[in-house]
Amino acid sequence: MRLTVIGTGYLGATHAACMAELGHDVLGVDVEPDKTAALQAGQVPFYEPGLAELLARNVANGRLRFTTSYEEAAEFGEVHFSCVGTPQRPDGMGADLRYVDAVIESLAPHLRRPTLVVGKSTVPVGTAARLAARLAELAPVGAQAELAWNPEFLREGIAVQDTLRPDRLVFGISPGAPAAERLLREVYASLLEADIPLVITDLPTAELVKSAANAFLATKISFINAMAEVCEATGADVAQLSASMSYDTRIGGRFLHAGVGFGGGCLPKDIRAFMTRAEELGVGQALSFLREVDAINLRRRERVLTLADELCAGELTGRRIAVWGAAFKPDSDDVRDSPALDIAQRLHRRGATVSVYDPKAVDNARKKYPELDYAVGALDAVRGADLILHLTEWPEFRALDPRAVAEVVAHTRIIDGRNILDAEGWRAAGWTYRALGRP
Ligand code: UDX
């Protein structure tokens, strides 16, 4: 099929390359010419394992190309995927829908033959119905410009796998879109043949699936982080608590890992947008627990600062603190709402000299907080340090020998904000090792 993918960020670039990999002819569309030029040259402007190879292969074989022209996109595509971002509004907690709206406003006036526009972005429930009406109003072809919703659940770091082998596909289809299901089944034919579960539902349910799934994941993480707080007050060990709970298959161990909490471009802003939308709908109380989920998550960052203060004898000013990790999670260079970088920056504000190292995210971190020092390696970062904070669990940090690290620091003190280093090994090498929710 001839598909367009509008918006070439994390979601769009991955979706475009994966749709080409499935055998479709794909035109990626973005309003930023620098982005389309880089992608056309086979360069991915962010770090996502496996994506650069996939992109380069499909650009080279001619199945994937990029443009800035909506007119060309409308001419080319049978199905248009809208993959633009829905960040948090600068003036509040709700989602900023300007990019989602702009796609419809820019594309619709060029739609002169029957076509399908498919939203993939995470949006407040009710957005799709509004966009469907606007699309039919603006398109010369009228109601034959149909709109469907097909939420995306990809995780950064394994985005390619999540797109080519998703856990499920969800199609949100309205009665006013008679061709939508057939076209979506055709787009995803190879996945459906591979027995990927498919849920066909209405527009509001499809929008809500994504918000609900992210709210659930955030709640699970904050639940175990709340238990970490209780552990800290009682001398219990949250890692053992979590492991013991995980054997109950109704609970399971995934997303039950206590630490500095969740960050990134999705979970934090999505739970806030979800609460805001629920309030608008008059059901704010139903989601009021998400306020607590957010608060627990942010309190973990405070806890690291308190521990750091304690380990530095109540004086952070002038201390040399090394931070391992800047990305919000490993296998990503994304620093949006990253707990690691937030903590690093707060330590700096409290007078510490902070040296940050991350295997992939230093460039993005520097753009955001140029006032921090950035190191070229894990050992380089800790030279002369009074304290190390391990805040993003890259395998590279786990592989370090605590004895070798001890030789270059000023003081052998470490806080493991991800509860993943070998505590016994570090203590045996003479370190004061502290973690979150553990004695
Ligand atoms: C998330 C959803 O998982 C994905 O389905 C959705 O499409 C987009 O949002 P992503 O933002 O890539 O994906 O990250 P995810 O792997 O979910 O991790 C989110 C954050 O939670 C990270 O900061 C991670 O470190 C943290 N986390 C995760 C924990 O603190 N503990 C855990 O047990 C799991």
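Both counts, for ligands and for their atoms, begin at 1 and track the order of listing. Numbers for residues simply follow the sequence, beginning at 1.
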message: So for Gly259, does at least one of its heavy atoms come nearer than 4.0 angstrom to any atom of ligand 1?
response: no

- prompt: If you measure from the Lys or Arg side-chain nitrogens to the Asp or Glu carboxylate oxygens, is any gap between Glu207 and Arg277 under 4.0 Å?
  reply: no

- prompt: Within the side chain of Glu393, is there an N or O that forms a donor-acceptor pair under 3.5 Å with the backbone of Arg418?
  reply: no

message: Is Lys210 close enough to touch ligand 1? Criterion: a residue heavy atom under 4.0 Å from a ligand atom.
response: yes

- request: Run through Leu391, Asp358, Leu400 and flag the one making a side-chain contact (heavy atoms from CB on, under 4.5 Å) with Trp324.
  value: Leu400

- prompt: Looking only at protein heavy atoms, which one is nearest to atom 18 (O) of ligand 1, and how far off is it?
  reply: Lys329 CD, 4.1 Å

Salt bridge flag under 4.0 Å for residues Asp333 and Lys367: no

query: How close does the nearest protein non-hydrogen atom get to atom 5 (O) of ligand 1, and which residue and atom is it?
result: Phe153 O, 2.8 Å

field: Polar contact flag for Glu393 and ligand 1 (N/O pairs, less than 3.5 Å)
entry: no

task: Give the residue and atom name of whichever protein heavy atom lies nearest to atom 9 (O) of ligand 1, and the separation in Å to one decimal.
output: Cys266 CB, 3.1 Å

message: Regarding Arg349 and Glu371, does a basic nitrogen lie under 4.0 Å from an acidic carboxylate oxygen?
response: no

query: Nearest protein heavy-atom contact for atom 2 (C) of ligand 1: which residue, which atom, what distance?
result: Asn214 OD1, 3.6 Å

Ligand-side contact atoms (ligand 1) for residue partner Glu152, heavy atom cut-off under 4.0 Å: 7 (O)

- request: Quick one: pull up OG1 in Thr201 and CG in Leu208 and give me the separation to the nearest 0.5 Å.
  value: 9.5 Å

task: Select one of side chain, backbone, both or neither to describe which atoms of Leu154 lie under 4.0 Å from any atom of ligand 1, heavy atoms only.
output: backbone

query: What do you reckon, does Gly264 put a non-hydrogen atom under 4.0 Å from ligand 1?
result: no

message: Under a 4.0 Å threshold between the charged nitrogen and the carboxylate oxygen, would Glu302 count as salt-bridged to Arg299?
response: no

message: If you measure every N or O of Ile221 against every N or O of ligand 1, does any of those distances drop under 3.5 Å?
response: no

query: Do any nitrogen or oxygen atoms of Glu156 come within less than 3.5 Å of a nitrogen or oxygen of ligand 1?
result: yes

query: Are any of the N/O atoms in Leu267 less than 3.5 Å from those in ligand 1?
result: no

- prompt: Do the charged groups of Asp416 and Arg438 touch, with an N to O distance under 4.0 Å?
  reply: no

- prompt: At a 4.0 Å threshold, what atoms of ligand 1 neighbour a non-hydrogen atom of Arg155?
  reply: 3 (O), 4 (C), 12 (O), 13 (O)

- prompt: With respect to atom 32 (C) of ligand 1, which of Phe262, Phe255, Phe328 exhibits the smallest heavy-atom separation?
  reply: Phe255

query: Charged N to carboxylate O below 4.0 Å: is that the case for Arg291 and Asp294?
result: no

field: Per-residue contact class, Arg418 against ligand 1 - non-hydrogen pairs under 4.0 Å
entry: side chain

- prompt: Does Glu105 pair with Arg98 as a salt bridge, N-O distance under 4.0 Å?
  reply: no

- prompt: Would you say Arg254 has any N or O atom under 3.5 Å from an N or O of ligand 1, going by distance alone?
  reply: no

field: Option of least heavy-atom distance to atom 31 (N) of ligand 1 (set: His257, Lys269, Arg336, Arg300)
entry: His257

- prompt: ligand 1 and Leu217, any nitrogen or oxygen pair closer than 3.5 angstrom?
  reply: no

message: Is it the case that the side chain of Lys220 and the backbone of Arg254 share a donor-acceptor pair, with hydrogens and angles ignored and the cut-off at 3.5 Å?
response: yes

- request: Please check if the side chain of Trp431 supplies one atom and the backbone of Pro402 the other of a donor-acceptor pair under 3.5 Å.
  value: yes

